[in-house]
Amino acid sequence: MKMPIGRNRLPVSLLLATAAGVLLSCVVPDAVAQQEGRRRRGGEQEVKPLNLTPDQVAQLTKVANERKLNVDDLLAAAKTFMPSGRHDEYVLFSSGGQSGQVFAIGVPSMRLLRSISVFTPESWQGYGFAGEHDPVIESLKINGKVVAWGDTHHPALSETKGDYDGEFLFIGDKANARVAVIDLRDWETKQIVKNPLTISDHGAAFVTPNTDYIIEGGQYATVLGYGYAPPSEYKDSYRGMVTMWKFDRMKGRIDESQSFALELPPYWQDLADAGKNASDGFFFINSFNVEMATGGVEKGNPPFEAGASKRDMDYLHIVDWKKAEAAFKAGKFEKINGFPVIKIETSIAEGILYFAPEPKSPHGVDVTPNGKYMVVAGKLDPHVTVYSIDRIKKAIAEKMYSGTDEYGVPILNFDAVKEAQVELGLGPLHTQFDDKGYAYTSLFLDSAVARWTLGGEYDALNDDQPWKLVQKTPVQYNIGHLCAAEGDTVSPDGKYLISMSKWSVDRFLPTGPLLPQNFQLLDIAQPGTTMPVIYDSPIGVGEPHYCQMIKADKLKTWKVYPEVGWNPHTQRLDANAPKKGSEGVVRDGNKVTVNMTAVRSHFSPEHVEINEGDEVTWRITAIETAQDATHGFCIGGYNVNLSLEPGEYVEFRFTADRAGTYPFYCTEFCSALHLEMMGYLHIKPKASAQAGNSPD
Amino acid sequence: MSRIISTLIGPRVPLEELRTHRWHYLTPTFIFMLARVLLLVSIFFPYWHMELEAPQYPDGLFLTAYVNHLTGDVREIDGLNHYIGMRPLGEAAAFERAASVWMIIAMFMLVEGAAFIHSKWATLLAIPAVTFPAGFYADLHYWMRTFGLNLDPEAPLSASVKPFVPTVIGEGGIGQFKTYAEWGQGYWLAVACSVLVVVGFYFHRRAYRPLSLRAKGAT
């Protein structure tokens with residue numbers, strides 16, 4: 001008998017097949033599930049180029065005439081209207097003023113996307129309503145007292161190499177000298193730090209080009225560290241300050257132990273801006289009240305408003321923060337209220353601090369994208385004054401001083417550091433930039449936005465003469481800050497400008513004596529034309545100050561929490577988060593732990609039976625994974641309301657100090673059976689609980 | 001005994017004959033080999049997809065079945081199904097999913113065995129692989145039907161959604177959802193395997209039947 005072909009191959013391949021089988025059945029499910037690609041049926045509808053027929057033109061004309069719209073109005077509408085489902089190109093992160101919040105607004109539609117609660121408890125987001133010892137409320141305490149509001153002024157997006165990176169947002173609370181960190185993955189506040197030196201601030205938050213530090217400049221001088229001195233000792237005892245908060249990007253938190261402050265003379269430091277590119281390593285702060293007026297109209301003294309405006313020049317503060325950091329690391333500081341402070345003498349000796357004269361009680365110093373020029377807007381002077389970093393460095397190196405101030409800080413010669421002055425109009429406040437060599441400055445008294453040309457290397461970018469006013473667009477009314485698309489970064493986009501108009505007067509229907517602010521959208525994309533106002537957006541929830549506009553595609557926002565059981569306070573999966581199947585009530589003496597899950601459309605458990613006086617720890621996991629399948633959870637009378645976003649885990653605690661039968665329910669309309677998503681918290685009165693009717 | 005075995009495995013090819021007509025005999029072997037590989041590879045590919053569309057899910061919901069597991073928006077679909085009283089999808093075809101990889105390996109080896117059996121009995125070994133796609137379809141249909149027809153009468157939406165037979169392939173609908181179901185690449189690989197095995201048997205018969213007849217004539 002001949003050998004059949006391949007007979008001795010058989011066992012080998014059998015073996016191989018079996019081995020492969022074992023491997024496959026172990027590995028396949030996970031491996032393949034990872035690669036799962038979603039197929040889209042249909043997909044995005046293609047937008048065909050528009051070509052209006054005479055009939056359509058007639059329709060459009062009819063509507064325009066009926067609504068009394070002119071061609072500019074139609075164009076404005078076309079530039080801002082967003083069809084349903086279309087997303088905005090930019091997101092504007094705006095301070096919320098006294099509301100203590102941040103607003104996120106889509107541009108160009110100007111639709112409010114949402115608010116982010118920061119310094120003020122807010123019930124929709126469940127921010128500060130998680131029972132007793134809520135970490136949010138704890139973080140709002142100052143010297144043991146809950147300060148449940150903030151005056152948010154200046155948001156600062158985190159930057160990498162001077163450009164927004166879309167990871168974090170910082171914002172200062174002027175009223176209470178606090179700085180908050182917001183994580184832009186879930187748009188929630190993660191940390192609030194209180195400045196231990198000062199009661200209030202103004203120049204927060206501004207970041208260095210790689211977000212190494214968050215700058216918090218002070219404003220109203222006090223005795224640092226919550227000290228006391230009468231106004232008669234103002235010059236000797238009161239001090240200004242600027243704090244450098246070290247940001248730990250990996251942790252997403254400010255590292256207070258690596259942060260420090262600089263003591264400053266008791267002028268009123270105002271806004272700050274960090275140098276970049278050519279001026280990297282410096283930051284700049286404008287100031288007013290170098291007169292050191294102490295007011296007192298009630299005693300016949302000139303009021304602050306007059307006393308602080310007497311002199312024609314104040315001081316632009318020039319801070320070499322890399323030298324300051326070195327001095328801090330070398331231990332050249334004193335501690336005030338436990339916080340390291342580099343004294344003025346040290347700053348002078350180490351070459352950290354210089355002044356340059358600036359006219360007149362200015363409001364804002366803004367660094368051009370290339371970092372070469374610092375623009376100071378005069379407020380009480382009709383000019384913007386432009387300083388150059390090259391001139392500043394030269395003046396420092398050659399000691400071109402015009403003297404020192406009362407505290408010994410060298411004052412650089414104004415003519416030596418001044419690059420240009422451009423007359424713009426009345427009340428110049430803040431400046432932003434585009435990509436075509438223009439700067440934009442808000443004119444408060446003129447109620448206008450001025451477009452003017454930069455010089456130097458920017459001269460080549462347009463046909464206009466350098467350092468010249470090009471045009472002005474009226475805005476309605478009393479513009480404060482303004483914001484161009486990425487207009488304070490190293491690479492502005494040259495699109496869209498927001499006029500943050502303080503008064504709206506007649507722009508909207510009257511809303512009682514308290515009127516909304518007016519965010520106006522200006523189209524600045526075309527250099528040759530005017531800068532038309534193309535949208536008015538009422539902001540009726542606070543008086544915002546500054547805002548920043550980031551390209552929406554830079555944000556890496558989570559659609560739902562990455563895993564079910566996620567704790568947003570720690571930004572990781574929480575081992576305490578109840579899982580489906582492990583719900584229940586656990587009692588240990590009078591300490592009760594409730595483990596609950598929430599899913600459309602029920603809580604589990606639905607009845608929670610405890611005794612009066614129990615100390616309750618209540619844990620809820622929203623075991624949802626679908627986008628927007630958010631639940632709420634409230635217990636009436638116990639001041640509890642939570643926002644349970646898909647995957648989120650929340651723990652809250654309270655003492656069951658009032659007996660009764662409390663319905664709890666879902667506060668976010670979640671499903672067709674939302675109303676049925678409820679349960680009862682039974683708190684048995686002490687007497688009946690002691691009579692042996694213990695619920696468990 | 002050895003006589004029964006030699007009847008079962010059929011005649012061996014004489015070495016001289018094999019040398020001169022190598023491809024004549026190797027063709028079925030290679031076709032079977034290709035079929036086996038396709039079947040094995042199919043484990044890695046989805047067998048069946050369903051997309052569910054509803055207004056509040058602009059991106060749709062997806063369900064993808066592999067021979068041994070289910071992926072996609074299973075959690076969300078289970079969540080929705082509980083309103084109409086349908087059991088969780090994870091409870092369907094549990095045995096089939098656990099056994100499928102081993103079943104495919106068994107079919108792999110049976111087809112391999114068929115290449116070495118030169119009698120008509122080889123067809124017996126190939127039956128599972130040839131009928132596998134049909135079996136998969138029948139099983140899928142069985143489970144969909146069982147789940148669809150056995151809704152919990154106590155479910156919240158039992159008044160508006162009555163027991164139904166979901167559409168296994170093509171367009172269907174339930175409540176506000178439109179469903180689209182189609183076979184995945186894995187299923188088509190299994191079908192290709194089935195077809196290739198049948199084709200392989202044409203060449204198998206062409207190669208070995210003359211040998212069997214000759215052997216029969218010789219006895």
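Because the structure is predicted, anything quoted here is derived from the model rather than measured. By convention in this document, chain letters (A, B, ...) are assigned in the order of the sequence lines, proteins followed by strands, and residues within each chain are numbered from 1.
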Answer yes or no: are there more than 12 heavy-atom neighbours, outside [X] itself, under 6.0 Å from its atom [atom1]?
X: Trp124(A); atom1: CH2; answer: yes
X: Tyr680(A); atom1: OH; answer: no
X: Asp139(B); atom1: CG; answer: yes

Q | Minimal non-hydrogen separation, His82(B) against Arg600(A), with atom names | A | CE1-O, 3.0 Å
Q) After noting the C-alpha distance and the side-chain angles of Lys580(A) and Arg75(B), does the key distance pass the side chain to side chain contact (heavy atoms under 4.5 Å, CB included) rule? A) CA-CA 12 Å; Lys580(A) 190 176 164 70; Arg75(B) 187 200 284 262; over 6 Å; no
Q.
Can you list everything that forms a side-chain contact (heavy atoms from CB on, under 4.5 Å) with Arg205(B)? Sequence neighbours excluded, please.
A. Arg209(B)
Q. Once you round to the nearest 0.5 Å, how far does CD of Gln627(A) lie from CD of Glu76(B)?
A. 11.0 Å
